[in-house]
Amino acid sequence: MSVTDEPLLSVDGLQTSFYTEEGEVKAVNDVSYQIDRGERFAVVGESGAGKSVTSLSLMRLIDDPGRVKGGDVTFRSTSAVATLARKFPEGVATENSPGYIHVTELRSESGAVGSDPGATVRDNPTDVATSLHDGSLHIEAGHVDVLDASEDAMRELRGNEIAMIFQDPHTALNPVYTVGEQIAEAIRKHLEMDDGAAKERAIEMLERVGIPDAEERYSDYPHEFSGGMQQRAVIAIALSCDPALIVADEPTTALDVTIEAQILDLLKELSNEEDVAVQLITHDLGVVAELCDSVMVMYAGKPVERSSVEELYYEPKHPYTVGLMSSIPRIGDDRERLDTVPGTMPDLVQLPSGCSFHPRCPYAEDACLEHEPPLVDVETGEPVEDPDPAVHSAACLEYTGELQDGVDFDVQIREDAATDGGESV
Amino acid sequence: MSLQRYFVKRLLVMIPVLFGVSILTFSLTKMLPGSPVDYILQFQETTPGLREQLEAQYNLNEPVYVQYWLWLRDAMVLDFGDSLISDRSVSGAILRRLPKTLLLGGGGFLIAVTIGIPLGVLAAVNNGNTIDEASRVGALLGIATPNFWLGLMLLLVFSVQLGWFRVIPPDMPTLSLPMLKFVILPAITLGTASSALIMRLTRSSMVEELNKDYVRTAKAKGLSERTVIVKHVLRNSMVSVVTVAAIQVAFIVNGSVVIEQVFSWPGVGRMLIQAITQRDLPVLQAIVLMIAVTIVFVNLIADLLYSWLDPRIRY
């Protein structure tokens with residue numbers, strides 16, 4: 001597998017729990033997925049499904065009493081590896097010492113260097129760090145183990161390689177600093193620019209996200225911006241240091257629909273033009289259809305279905321996904337009430353036995369109370385080990401052949417609105 | 001609104017406030033029982049002529065509003081007349097003692113702020129653990145201890161037992177080294193309760209700010225914990241702290257009257273107590289007016305400070 005074919009981000013068996021007085025809340029329980037370079041990946045689910053915790057875990061921004069319990073997060077960005085190897089040579093992994101920075105291929109002016117580039121870096125860390133700095137040595141391939149990285153190294157990644165956009169732009173910006181300063185601050189830190197250059201770049205960023213009169217708006221305070229402009233400013237912060245991945249946590253939930261459409265268009269345009277991958281967290285399947293390439297549906301801290309967006313819309317496989325789809329309002333639909341998924345998300349301290357979804361599932365059988373369904377390939381029924389987005393997988397006993405009656409729903413697709421989803425019958 | 005325009009607007013608002021303050025000061029001191037003339041004559045029987053002559057000398061035979069007007073007219077140019085007791089210029093006497101009181105009050109306020117704010121930040125960052133609990137107990141003690149008692153205890157321990165400080169202040173210029181050394185104990189006495197209050201407030205407002213979304217944004221930018229707290233959170237927390245710190249100035253002014261007694265401090269506070277017992281009205285009016293005006297100005301500064309801290313307040 002060549003370097004660029006490998007996914008930008010691999011999350012493998014991620015587990016994050018909050019230790020409360022009631023017990024351990026398993027907010028994220030064995031979640032795996034991967035995101036390719038430039039891909040737009042959606043994480044969908046109701047409130048409490050563990051979507052936000054998943055992304056905060058990969059940013060390592062989980063506060064007490066929460067803790068990432070297990071799993072691996074591998075981030076394959078050569079620029080991230082180069083920055084970290086330059087600043088934290090002690091974190092580079094070699095044969096003898098484990099580290100979180102893995103350099104797998106180094107290139108000098110004359111060609112590839114050494115059989116074990118990690119050792120090269122290890123043996124003369126300062127030399128290599130200097131060579132990386134002056135550009136005579138390049139990192140061709142490598143990755144960072146995000147969950148093992150030091151806190152200092154994480155601060156290099158945050159905002160620089162992995163940036164975040166938050167739900168409510170009104171509260172996401174600090175009210176007492178100008179919008180411009182809040183963008184320039186990140187630029188000064190990561191791109192090591194002086195005040196003047198950082199200001200210039202911040203103004204460029206404001207222009208880039210479509211804020212008119214960016215130069216004057218630079219010194220405005222957040223309260224002088226409208227909600228949509230505030231979110232554009234938050235996007236400008238995220239974009240300011242050329243990240244490889246932007247994690248957008250419900251970026252349009254707090255905005256009205258016209259602004260939502262504009263922000264989604266902007267995100268789409270930026271991810272196309274800047275080749276930045278987006279992990280979009282949302283409960284809104286409409287937004288997913290608008291923006292994303294592939295999708296993971298989460299329920300009670302676990303992925304229940306994973307596929308490309310198209311397949312998910314045309315052929316949803318998990319009853320929960322179907323439930324979510326049928327609760328989307330549609331134009332031309334004259335039903336009095338929308339379908340809902342009955343019940344609420346279970347208590348994450350004491351999950352129901354077997355399939356966590358069975359108390360709410362219209363197709364639940366006795367087997368569902370006993371066996372917890374693994375995530376399986378819906379075609380073959382084989383468990384999926386590698387979270388390959390090309391394989392449509394779902395966690396339902398239907399696909400392991402353990403259900404007697406099976407799940408029974410139709411998907412109606414209308415020609416005029418291909419993004420409209422299925423309806424359970 | 002720009003900061004300058006806000007400043008001008010706030011200054012203009014001060015005019016009626018100061019006017020009201022002067023009326024209050026004048027009428028409250030007028031309401032004290034007993035005529036000053038009685039005190040001048042030391043309650044001795046005299047000829048009616050002398051009494052009337054004295055009343056005329058101090059304008060006491062005029063209607064009250066005329067007395068007020070005459071007083072205000074002179075007060076505007078800082079002329080408060082002569083002391084009834086010593087016959088010396090009131091302004092002169094106050095100005096001689098004012099630097100000492102400013103040193104004491106300034107020291108007390110400095111201690112309140114420089115101990116209160118950092119400890120509050122420390123407690124907030126360690127929310128819920130031992131440091132936080134210890135600071136909670138410390139603050140409770142600080143607030144509950146009467147300042148005159150604390151002053152006496154400090155004197156007893158550090159001046160009498162250990163001999164580190166003098167018991168009574170040296171007769172030196174305000175900004176001399178022995179004076180600066182002596183002021184430490186009274187300033188600690190004066191600032192303790194305020195620093196405890198400021199600490200608790202800094203802590204609670206900081207804990208609240210730490211949970212806000214912008215903190216997560218700042219962390220997600222990759223800023224260090226220190227930058228996030230000092231640059232982003234602290235400035236937001238300071239808005240409410242500034243308000244309370246301004247109120248603490250009033251408490252410190254009050255406290256200094258007592259503390260000056262305890263430490264035999266030659267400041268305006270002791271002069272005030274003397275003026276009250278001797279019904280020295282010109283002195284009393286001058287000092288009360290000065291305190292009132294100080295507090296009005298401190299509040300102006302607080303207003304300006306938090307409009308600088310939080311740009312949303314300028315509207």
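Letters go in sequence order (proteins before strands), and every chain restarts at 1.
Here the shortest heavy-atom pairing between Asp168(A) and Asp213(B) reads CB-OD2, 4.4 Å. Closest approach of Pro311(B) to Pro175(A), counting heavy atoms only: CG-O, 3.6 Å. For the residue pair Thr217(B) and Ala172(A), the shortest heavy atom distance occurs at OG1-O, 2.7 Å.
For the options Ser240(A), Ala163(A), Gly159(A), Pro243(A), heavy-atom pairs under 4.5 Å to chain B are most numerous at Gly159(A).
Atom OH of Tyr177(A) sits about 11.5 Å away from atom CG of Asp310(B), to the nearest 0.5 Å. Taking NZ from Lys221(B) and CD1 from Ile237(A), the interatomic distance works out to 4.5 Å, rounded to the nearest 0.5 Å. Taking OG1 from Thr227(B) and NZ from Lys189(A), the interatomic distance works out to 7.5 Å, rounded to the nearest 0.5 Å. The CZ atom of Arg312(B) lies 11.5 Å from the OH atom of Tyr221(A); values are rounded to the nearest 0.5 Å. His190(A) contributes atom NE2, which lies 7.0 Å from atom CG of Leu223(B) (distance to the nearest 0.5 angstrom).
Both the backbone and the side chain of Lys219(B) come within less than 4.5 Å of a heavy atom in chain A. In this structure, chain B has no heavy atom under 4.5 Å from any part of Glu151(A). With a threshold of 4.5 angstrom between heavy atoms, Leu56(A) approaches chain B through side-chain atoms but not through N, CA, C or O. Proximity to chain B is limited to the side chain of Leu61(A), based on heavy atoms less than 4.5 angstrom apart. In this structure, chain B has a heavy atom under 4.5 Å from the side chain of Glu181(A), while its backbone stays farther away. When heavy atoms are compared at a cutoff of 4.5 Å, Asp152(A) does not approach chain B at all.
Every pair passing side-chain hydrogen bond (donor to acceptor under 3.5 Å, both in side chains) that includes a residue from residues 13-22 of chain B is listed here, sequence neighbours excluded: Ser22(B)-Tyr68(B).
Between the side chains of Glu185(A) and His232(B), at least one donor N or O sits under 3.5 Å from an acceptor N or O.
For Glu274(A), the CD atom sits in a packed shell: over 12 heavy atoms of surrounding residues, nucleotides or ligands are nearer than 6.0 Å. The neighbour count for Phe19(B) CZ, taken as heavy atoms of other residues, nucleotides or ligands under 6.0 Å away, does not exceed 12.
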